[in-house]
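Input: a single structure, listed below in structure tokens.
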Amino acid sequence: MKQKDLRSLKNIRINILKLSNKAKSSHIGSSLSIVEILYVLYFRILRKKDRFILSKGHAALSLYCTLFEKKILNKKELYSFGQNGTKLMAHVSHKVKGVEFSTGSLGHGLPVAVGKALFFKSKNLNNKVYVLISDGELNEGSTWESLLFACHHSLDNLIIILDNNKIQSMGPVNNIIKLEPIKKKIQAFGASVFKCNGHKIDKIIKIFNLKNKNKPKFIIADTIKGKGVSFMESNNLWHYKNPDDRQLVKAIKEIKKKYA
Amino acid sequence: MRKIFVKSLIELNKKKNIYLLINDLGFNVVEPFQKKFPKKMYNAGVSEQNMMGMSAGIASEKNHVFAYSIGNFSTFRCAEQIRNDIDYHNLPVTIVSVGSGLSYGNLGYTHHALQDFALMRSFHNILILSPGNNSEVHGVLKYIIKNPQPSYLRLDKDENKSEFRNNSSIKPGKIYKIFNGDKKNIILTTGSVQNIAKKLNKNKYSIYSLPIWGKKTKKRTLNELKKYNKIITIEDHFNDAGFGSWVRECFSNTKYKNIVINKYIDEKVINHVGSKSYLMKKFGPKG
């Protein structure tokens, strides 16, 4: 990994930690699991004419910190996160510069992305639509409804990324509603399915660049909830909790060491 | 009213950025639009939530989407998609429901649209389009295509050719006279109850229709109504949070003491089966 990439990934994670502490906001684990995916999208993949929807809107903090790293948001805007009167609420909002669509209730992002992809395809335009969904969202009927439609209409301008961190609100996905075998299920629907380590930026880029003619692309990105902070990783507590001042110091120290 | 809807939609699609989404309903109704604009009509299948989300997605790319279904399918089934994806983002999607009130008589309670005003008028941006006859269908479409915004078009399954006016210019919040009678006491209708209003009008009140209304038109409608002593509202919907309640809300917290009387469908209809005319006679608005 290049030094520049490491530095950005470090900055994004430290800002997530600091802001979660400052705003006393939840969903830090969900925010940390998608840092690399968002980084690759914003720094390597998305063109001006493309669209990106964060369907797992509770990871808004991760997107806001990426937009700050990309210099779309300034420091004053970013640090208003979760404060009274801010536009940066804890679920992603279209009132914020650089955000395509508001989400927060699960299962909404994919249908909207499918609508956009259908429009571009109907006009023979080559804009691409990217949408990042959570594994918990695979419990939602609307997600499957829209996947059926996208495959039936061969929407190959649609790229769905699954943040497969394997933990949802109340615990491990496997103990709540079993999703596996995800790959086979999605393939049976008719999408081109790829799998990668969602924290390795080179692997993510490679899969984004693979062709998926006449089929939507579905990327299963294997991730770790709370990635980067030892005491947060794969621990469901951090779906809700925010770090106190002592934990913040410890977490930042770890991140600085890992992404040096 | 379904056919006049599609006919008007084709006629008014001048900018050609209108999309029609259906959810596997509209057989023998929507085909002319598909024939004329094959890349502008899609069948979402039996999936109302997806249809509404997709409608928001298409509309967010500067298009006007009509999302067509019947009864409660395009409202209650996908209420959160309407709330978050369409209304909150203020996107030009016109949600169409065919089968207002008891239109689908013997298909039963699942198909009766009796609480939809209550839901749809609670949204911040949604304008309610509730035409009472064919010319009003054309008029409300003309308005909404010229002024695309989140909206709810509620259509009777049957045609109502009475009161056809060629000059069908209809504005939000404004009332339109359909019977000339008493100057101070009026009957106010919305949707397909104009014939009922005429039948119940023993005192020869003037009858008006209000085809476009919603949260944002309350002030304008109040200005129209405040000059009348008595207003009797008639609707093919339950009383709670319906049209009559909305008219009362127009007057609430104002100095006006006008008398508003609501006539509506009795909730006892829930446990009964029968044709539209049978159910309306038994449970519809009474004199």
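Treat the numbers as computed from the prediction; the structure is a model and nothing was measured. We name chains A, B, ... by the order of the sequence lines, and we start the count at 1 in each one.
More than 12 heavy-atom neighbours from other residues, nucleotides or ligands sit within 6.0 angstrom of NZ on B:K216. Counting heavy-atom neighbours within 6.0 Å of A:K123 NZ, excluding the residue itself, gives a total of 12 or less. Counting non-hydrogen atoms of other residues, nucleotides and ligands closer than 6.0 Å to NZ of A:K49 gives a total above 12. Heavy atoms from other residues, nucleotides or ligands lying under 6.0 Å from NZ of A:K121 number more than 12. Atom NZ of A:K70 sits in a crowded spot, with more than 12 heavy atoms from other residues, nucleotides or ligands closer than 6.0 Å.
Remark: B:I58 CD1 to A:F120 CZ distance equals 11.0 Å, nearest 0.5 Å. A:F119 contributes atom CZ, which lies 8.5 Å from atom CG of B:N17 (distance to the nearest 0.5 angstrom). Considering CZ of B:F37 and OG of A:S122, their distance stands at 13.0 Å, rounded to 0.5 Å. In this structure, NE2 on A:H153 lies 7.5 Å from CG on B:N43, to the nearest 0.5 angstrom. A distance of 4.0 Å separates CG of A:N124 from NZ of B:K39, quoted to the nearest 0.5 Å. Atom CG of B:N84 sits about 11.0 Å away from atom NE2 of A:H91, to the nearest 0.5 Å.
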message = One pair to check against side chain to side chain contact (heavy atoms under 4.5 Å, CB included): B:D85 and A:F101. What are the steps and the verdict?
response = CA-CA 8 Å; B:D85 304 343; A:F101 210 84; 3.8 Å; yes
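Looking at B:Q49 and A:H108, their side chains never bring a donor and an acceptor atom within 3.5 Å of each other. Between the side chains of A:K116 and B:S60, at least one donor N or O sits under 3.5 Å from an acceptor N or O.
Ranked by heavy-atom pairs under 4.5 Å with chain A, the list B:S47, B:A59, B:C78 is led by B:S47. Ranked by heavy-atom pairs under 4.5 Å with chain B, the first of A:T103, A:L110, A:L118 is A:L118. Note on A:V112, A:T143, A:V129, A:I53: by heavy-atom pairs under 4.5 Å with chain B, the leading option is A:V112.
In this structure, no portion of B:I86 lies under 4.5 Å from any heavy atom of chain A.
No side-chain heavy atom of A:W144 sits less than 4.5 Å from a side-chain heavy atom of B:N50. The closest side-chain heavy-atom distance from B:R83 to A:S105 is not below 4.5 Å.
Of all heavy-atom pairs between A:S93 and B:Y88, the closest is OG-OH, 4.0 Å.
At distances below 3.5 Å, at least one donor-acceptor pair connects side-chain atoms of B:H89 with backbone N or O atoms of A:S102.
The pair B:E61-A:R51 meets the salt-bridge criterion, since a charged nitrogen lies less than 4.0 angstrom from a carboxylate oxygen.
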